[in-house]
Amino acid sequence: MPVAIRDGGHHGPGLGSVDDGLVVDLSRMRGVRVEGERWTVRGAAGCTAADVDHATHAYGLTVPLGIVASTGVAG
Ligand SMILES: Cc1cc2nc3c(=O)[nH]c(=O)nc-3n(C[C@H](O)[C@H](O)[C@H](O)COP(=O)(O)OP(=O)(O)OC[C@H]3O[C@@H](n4cnc5c(N)ncnc54)[C@H](O)[C@@H]3O)c2cc1C
């Protein structure tokens, strides 16, 4: 059976989904943990660029992921 993993579902060609197969949808796993003193951020498999920006902003940090907030980080 064909399998696709869905994170943000933002991939242009649509590889986050599949016809007649199984989609492993991780898009609700949105947790983000920031270690400000180590300049490190860890995101769960479904977090988006917006989730990461929101969490790092409080520490005066940012990750240059681009301009589209709904982009999934894992994909
Ligand atoms: C209009 C548009 C604007 C864009 N703008 C930006 C931008 O501003 N910044 C940027 O960085 N990129 C941008 N991109 C590119 C985008 O980052 C990539 O398409 C990326 O793959 C999207 O990730 P996703 O998780 O949302 O996609 P998905 O469709 O969910 O996944 C993409 C691929 O990664 C695989 N995958 C997803 N999650 C996992 C996982 N946990 N483990 C293993 N494999 C996984 C999927 O199976 C699929 O093959 C843009 C694309 C488009 C179409």
Side-chain angles (χ1 to χ4, degrees):
M1 176 182 287
V3 175
I5 303 171
R6 180 181 180 206
D7 171 25
H10 208 266
H11 190 251
L15 294 180
S17 189
V18 65
D19 289 333
D20 301 320
L22 176 70
V23 177
V24 181
D25 187 352
L26 306 175
S27 60
R28 293 175 66 187
M29 299 173 65
R30 307 277 291 266
V32 181
R33 181 186 178 99
V34 183
E35 295 177 63
E37 67 285 352
R38 298 178 65 188
W39 291 17
T40 299
V41 57
R42 298 175 195 275
C47 71
T48 64
D51 297 327
V52 172
D53 276 349
H54 182 77
T56 57
H57 182 258
Y59 294 84
L61 301 173
T62 191
V63 180
L65 289 164
I67 58 170
V68 179
S70 58
T71 304
V73 174

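Order of listing sets the numbers, starting from 1, for every ligand and every atom in it.
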Main-chain N/O of V68 paired with T71 side-chain donor or acceptor, under 3.5 Å: yes
Which atom of V73 lies closest to which atom of V52, heavy atoms considered: CG2-CG2, 3.8 Å
Once you restrict both partners to nitrogen or oxygen, which atoms of ligand 1 have a protein partner under 3.5 Å, and how far apart are they?
unit_1: ligand 1; atom_1: 8 (O); unit_2: I67; atom_2: N; d: 2.9
unit_1: ligand 1; atom_1: 8 (O); unit_2: V68; atom_2: N; d: 3.0
unit_1: ligand 1; atom_1: 9 (N); unit_2: L65; atom_2: O; d: 2.5
unit_1: ligand 1; atom_1: 11 (O); unit_2: L65; atom_2: O; d: 2.8
unit_1: ligand 1; atom_1: 21 (O); unit_2: G75; atom_2: O; d: 3.4
unit_1: ligand 1; atom_1: 23 (O); unit_2: G72; atom_2: O; d: 3.4
unit_1: ligand 1; atom_1: 25 (O); unit_2: D7; atom_2: OD2; d: 2.9
unit_1: ligand 1; atom_1: 25 (O); unit_2: G8; atom_2: N; d: 3.1
unit_1: ligand 1; atom_1: 25 (O); unit_2: G75; atom_2: N; d: 3.2
unit_1: ligand 1; atom_1: 26 (O); unit_2: G8; atom_2: N; d: 3.4
unit_1: ligand 1; atom_1: 26 (O); unit_2: G9; atom_2: N; d: 3.4
unit_1: ligand 1; atom_1: 26 (O); unit_2: H10; atom_2: N; d: 3.0
unit_1: ligand 1; atom_1: 26 (O); unit_2: G72; atom_2: N; d: 2.9
unit_1: ligand 1; atom_1: 27 (O); unit_2: H10; atom_2: N; d: 3.3
unit_1: ligand 1; atom_1: 27 (O); unit_2: H11; atom_2: N; d: 3.4
unit_1: ligand 1; atom_1: 29 (O); unit_2: H11; atom_2: N; d: 3.3
unit_1: ligand 1; atom_1: 29 (O); unit_2: G16; atom_2: N; d: 3.4
unit_1: ligand 1; atom_1: 30 (O); unit_2: D7; atom_2: N; d: 2.8
unit_1: ligand 1; atom_1: 30 (O); unit_2: G8; atom_2: N; d: 3.3
unit_1: ligand 1; atom_1: 30 (O); unit_2: G9; atom_2: N; d: 2.9
unit_1: ligand 1; atom_1: 47 (O); unit_2: I5; atom_2: N; d: 3.3
unit_1: ligand 1; atom_1: 47 (O); unit_2: I5; atom_2: O; d: 2.8

Whether S27 side chain and G46 backbone form a donor-acceptor pair below 3.5 Å: no
Minimal non-hydrogen separation, C47 against G31, with atom names: CB-O, 4.4 Å
Shared hydrophobic cluster for L22 and L26 (ILVMFWY, side-chain gaps under 4.5 Å): yes
Step-by-step side chain to side chain contact (heavy atoms under 4.5 Å, CB included) determination, L61 to V41: CA-CA 10 Å; L61 301 173; V41 57; over 6 Å; no
